[in-house]
Amino acid sequence: MPSLTARLIASFFRMTGSLRKRYSDGPDFLKNIERSRVEQRYPSARLHKRVDIRERSFEGRKVFGLAPKDGKVTGRMLYWHGGGYVYPAVDVHWQFLAHMVEEHGVEVTAPLYPLAPEASATEAVHWAMNFYREFTAHHAGPFIMAGDSAGGGLCAAVLQQARGDGLILPNALILVCPWLDLSVSHPDQMAIEPLDCVLTINGARAAGRLYARELPLDDPKVSPLFGNWGGCPPILLFGGGDDILLPDARRLKEKLPFVDYVEKAGMMHDWPIFFLRESRAAQARMAEFIQAHNGS
């Protein structure tokens, strides 16, 4: 059973609908996306005091590097943030990444990739692949690639294309409640939706259409569940019982039985990146996984 804090927070979000409003189709959906561009959040001054944060630009997009103040690095992670392919990184992402740096010594690179509706999936993946090539060319040594939600989907899409192009691959992947099938059409998702305090089916489908644009929804660029997973590195995969994306995680586990899969009943979407007791345990497991596959 989820902790009392996890249950209270999920109940609060369900009652207020504060998160589901962002992921609900309707007349305000595009307005919410437009507002997010104005209100976009970057690492705060408080986080700068906790960890070493450096900002640079790649092809017109911000890229943040986060590292321990003491310089003691236990592993390296390339991280793609979630947000339904339409929303930028938010405070919970930066807090999570700073915790991985400060508590576990993980050096993080977090590129802010192009979002829909300004960019299509074709454009976003093209940018991500250009960045991936630059990253692997200038960062010697092992690394882990990771992402949450839509970022988990992009992470998988980049891996599949990188393998197909014969590029250097990450030593392992971490997929947090990944969005792997943009159609949001699995029959189990209807039963989960009333429990989900973050996402809605119609909202996810609307975001998926904005992102996919001219591509069919089963194209591996947008729905990597249907891509080629052969020869992929070790994967640590997380799912939540009260998350409409749970079937995506379960289907990936069915495809790849060797995946290290962690599913928690009653937990909300993206629970491993929050501050809950369950989240901290998941983050410790991520750190162990990163260290094990970084040769540390």
Verify same cluster id: [X], [Y] (apolar side-chain graph, 4.5 Å):
| X | Y | answer |
| --- | --- | --- |
| Leu215 | Tyr113 | yes |
| Phe58 | Val125 | yes |
| Ile273 | Phe12 | yes |
| Leu195 | Leu246 | no |
| Val198 | Met15 | no |

Item to check | Salt-bridge criterion met for Glu134 and Arg56 (N-O under 4.0 Å) | outcome: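 Result for this pair is yes, salt bridge flagged.
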
Taking side chain as C-beta onward, heavy atoms only, is [X] less than 4.5 Å from [Y]?
| X | Y | result |
| --- | --- | --- |
| Val101 | Arg50 | no |
| Met77 | Met286 | no |
| Arg251 | Asp181 | yes |
| Pro2 | Lys264 | no |
| Leu210 | Tyr85 | no |
| Arg61 | Pro114 | yes |
| Leu78 | Pro170 | no |
| Met145 | Leu173 | yes |

Next on the checklist: Evaluate Ile290 against Met100 for side chain to side chain contact (heavy atoms under 4.5 Å, CB included), listing each step before the verdict.
Outcome noted: CA-CA 11 Å; Ile290 291 169; Met100 294 299 294; 4.2 Å; yes

Straight-line distance of [X] [atom1] to [Y] [atom2], nearest 0.5 Å:
| X | Y | atom1 | atom2 | value |
| --- | --- | --- | --- | --- |
| Asn228 | Leu159 | CG | CG | 10.0 Å |
| Met190 | Ser185 | CE | OG | 11.5 Å |
| His81 | Phe64 | NE2 | CZ | 10.5 Å |
| Arg14 | Leu19 | CZ | CG | 11.5 Å |
| Met268 | Cys197 | CE | SG | 4.5 Å |
| Asp148 | Asp270 | CG | CG | 4.0 Å |

Any sub-3.5 Å donor-acceptor pair from [X]'s side-chain atoms to [Y]'s backbone N or O?
| X | Y | result |
| --- | --- | --- |
| Ser223 | Pro220 | no |
| Trp179 | Val184 | no |
| Asn202 | Asp25 | no |
| Gln189 | Ile244 | yes |
| Asp248 | Leu180 | yes |
| Arg163 | Gly230 | yes |
| Glu107 | Gly71 | no |
| Thr200 | Arg20 | no |

Checklist entry - So, His104 versus Thr74: side-chain donor-acceptor pair below 3.5 Å or not? => result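 No, no side-chain donor-acceptor contact under 3.5 Å.
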
Next on the checklist: In terms of relative ring orientation, are Trp127 and Trp80 parallel, tilted or perpendicular, with 30° and 60° separating the classes?
Outcome noted: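 Judged by the thresholds at 30° and 60°, the geometry between Trp127 and Trp80 is perpendicular.
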
Checklist entry - Mind checking whether Tyr23 and Tyr87 have parallel, tilted or perpendicular rings, split at 30° and 60°? => result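 Ring orientation, 0 to 90° scale: perpendicular.
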
Identify the two heavy atoms, one from [X] and one from [Y], that lie closest to each other, and give their separation to 0.1 Å.
| X | Y | value |
| --- | --- | --- |
| Pro216 | Val222 | O-CG2, 3.6 Å |
| Ile33 | Ala116 | CG2-O, 4.2 Å |
| Ala206 | Phe29 | CB-CE2, 3.7 Å |
| Ala207 | Val86 | CB-CG1, 4.1 Å |
| Pro178 | Gly153 | CB-N, 4.4 Å |
| Asp52 | Pro68 | CB-O, 4.4 Å |

Item to check | Step-by-step side chain to side chain contact (heavy atoms under 4.5 Å, CB included) determination, Arg213 to Glu123 | outcome: CA-CA 10 Å; Arg213 206 175 296 181; Glu123 294 165 327; 4.3 Å; yes

Item to check | Derivation and outcome, side chain to side chain contact (heavy atoms under 4.5 Å, CB included), residues Asp196 and Ile201 | outcome: CA-CA 10 Å; Asp196 195 321; Ile201 291 175; over 6 Å; no

Could you pull out all residues at least two apart from [X] that satisfy side chain to side chain donor-acceptor pair (under 3.5 Å)?
| X | answer |
| --- | --- |
| Ser11 | none |
| Asp28 | none |
| Glu214 | Thr122 |
| Arg205 | none |

Checklist entry - Is the number of heavy atoms from other residues, nucleotides or ligands under 6.0 Å of Arg7 CZ greater than 12? => result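 Yes, CZ of Arg7 has more than 12 neighbouring heavy atoms, counting only those of other groups under 6.0 Å.
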
Item to check | Residues Arg280, Glu103; criterion salt bridge (charged side-chain N to carboxylate O under 4.0 Å, His left out); working and verdict | outcome: CA-CA 10 Å; Arg280 294 306 188 213; Glu103 184 68 22; over 6 Å; no

Item to check | Partner set under side chain to side chain contact (heavy atoms under 4.5 Å, CB included) for Gln40, not counting sequence neighbours | outcome: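 Gln40 satisfies side chain to side chain contact (heavy atoms under 4.5 Å, CB included) with Tyr42, Pro88, Leu112 once adjacent residues are dropped.
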
Checklist entry - Mind checking what makes side chain to side chain contact (heavy atoms under 4.5 Å, CB included) contact with Ala162, not counting sequence neighbours? => result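 By the side chain to side chain contact (heavy atoms under 4.5 Å, CB included) rule, Ala162 matches Met129, Tyr132, Leu167, Leu169.
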
Next on the checklist: Evaluate Leu47 against Gln95 for side chain to side chain contact (heavy atoms under 4.5 Å, CB included), listing each step before the verdict.
Outcome noted: CA-CA 8 Å; Leu47 291 188; Gln95 292 285 349; 3.8 Å; yes

Item to check | Criterion ring-ring contact (aromatic ring centres under 6.0 Å, His included) against Phe96, the qualifying member of Tyr79, Phe275, Trp271 | outcome: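 By the ring-ring contact (aromatic ring centres under 6.0 Å, His included) criterion, Phe96 pairs with just one of Tyr79, Phe275, Trp271: Tyr79.
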
Checklist entry - Are Phe135 and Phe143 an aromatic pair by the rule of ring centers under 6.0 Å? => result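 Phe135 vs Phe143: aromatic centres under 6.0 Å.
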
